[in-house]
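What follows is a set of notes on a single structure, which appears directly below.
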Amino acid sequence: MLVSPLALRRLLAPPNEAAGRRLAVAGVAGILLSAPVSLEHALAHVPQVGWLLTAVGAILAILCLRPAWIPQPLVARIAIFVCVAFCAASAVVAGSLTAIALSQTEQQLLCANDVAPDTVVAGQEVIRGANPYTSFNLLDAERALGCPFFSVSPQRSGIFAASLTAPSLAQVEAAAEATIHGHPTGGLLLGFAYPAGTALLGVLGGRALVLIGPIALLFAGLVIVRRAEPPMRRVTILALGAQTGLLGLVGSPFVDLIAAALLMIAITRRRGLAVGVSLGLACAVKQTVWFVAPALLVLALRDGRARDVRYHAGALLGFTVINLPFVVASPSAWIAAVLGPGIKPAFPLGVGPGAAGQAGSATTTMFLVLMIAAVVGGAAICAFASRRWASAGIIVSSLGLWVGPRSLGDYVALLGVIAVCTVAGSSSARSAPPGDPRLSQRDTKAISEPVACRTNVKAGATRNPTCPAPLRVLL
């Protein structure tokens, strides 16, 4: 279908609103943040380039939180063009990946890695009435699925306790074969190690998860766009749709996209019981959300009215409802499982700088400390920074997913959309100083008047007497 030149010009036109321009730039920043995932193969031999792109993206995203910054029209035009191009590419590639995944057999879909059997077979155990935290065994699950080979994550224990680098696939396969034949070697992650939401979603099956993940993202995007002011909706769609990092999760029977969708909703509006439930459900699905949850809770408490803890109550409710039955059934097994990925010794792996070190080395320990510092520091920024910069704590906390020794592509894929949602949620009600010559009349009006009074007044009409006089505030 051809697009008319007029429609194309409207699509590529830079936003008049300062907040819209910043959001367009944030869309580009999000692309840079997740570049190590989008360009993983191209940067395989020069990962430092990916690290630099992520660092630049983080700085640019934080700059977009500055209310007084108004990107020049040329900068905004370039940002919009980039977002349109990446948005179109994301739509095409996502559709292709989903179609390819749905054309595979169940065995091909579930045997590509160890995450899919964890999710789907754990869900099957829930259906049978078993507790996956006490009964699940990955090798048994993969053998029951008829997988042609064992896909297991090695740990720095057992047979691999003295290794400084991750064992080869052949070594892991040999250890798995020995274990399945009654000679356990240790050093393999065999238990279910996710919050209960993963197992409950696994009940849907692999094909359903492949289809539901993108649908959940589209629904979250629709919710965010509907909340945005009408002039901001076009750029919100483009900035969110341009986040190609999420393509690394499309076409896989994982729950990560569902967790990302819930997190998007929780970031863009940090108040209310229902939105808090969204955060709690996201935390109940995947531990990656835990990296930014403290910053979100601190910021929501700071932004809300006195004693308004509905957001926090909703988060606690959502997380508890999903996990409580399993906690009651076996508290020690649940705690060991969900905290295991962060406690058990693992080999550095991923696309971030912390993955380049050797296991047990001082360098790896340093990056582990940096990961913790990012999460804690982000929450501290949300608590103590000036209000205009407080939201930067969410972006800083999310960098813990990238800087630590375990910076898998599944983790780093979330960085871009987290940054865009942070800017969308934090700067939608802000603009640059009124009277700035680079602002349009509509942008100045959006600063000066409440939302209910931002309607065009026909010539000769009287002003709504319920609307206050315009306020001129220097941000």
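Predicted model, so just to flag it, every value in this text is computed and none were measured.
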Report yes if some heavy atom in the side chain of [X] is under 4.5 Å from a heavy atom in the side chain of [Y]; otherwise report no.
| X | Y | value |
| --- | --- | --- |
| Tyr411 | Val37 | no |
| Val338 | Trp290 | yes |
| Leu257 | Pro214 | yes |
| Pro195 | Val285 | no |

#### Entry: Spacing of CG belonging to Asp410 relative to CZ belonging to Phe254, to within rounding of 0.5 Å
5.5 Å
### Task
Can you measure from OG (Ser153) to CG (Asp114) and round to the nearest 0.5 angstrom?
3.5 Å
More than 12 heavy atoms of other residues, nucleotides or ligands under 6.0 Å from [atom1] of [X]: yes or no?
| X | atom1 | value |
| --- | --- | --- |
| Phe367 | CZ | yes |
| Arg207 | CZ | yes |
| Leu11 | CG | yes |

Any donor-acceptor N/O pair, [X] side chain to [Y] backbone, under 3.5 Å:
| X | Y | answer |
| --- | --- | --- |
| Ser398 | Ile395 | yes |
| Glu106 | Gly205 | no |
| Thr98 | Gly95 | no |
| Ser34 | Gly30 | yes |
| Arg302 | Cys382 | yes |
| Gln243 | Ala239 | yes |
| Tyr311 | Ala266 | yes |
| Arg233 | Arg226 | yes |
| Trp402 | Met371 | no |
| Arg22 | Pro67 | yes |

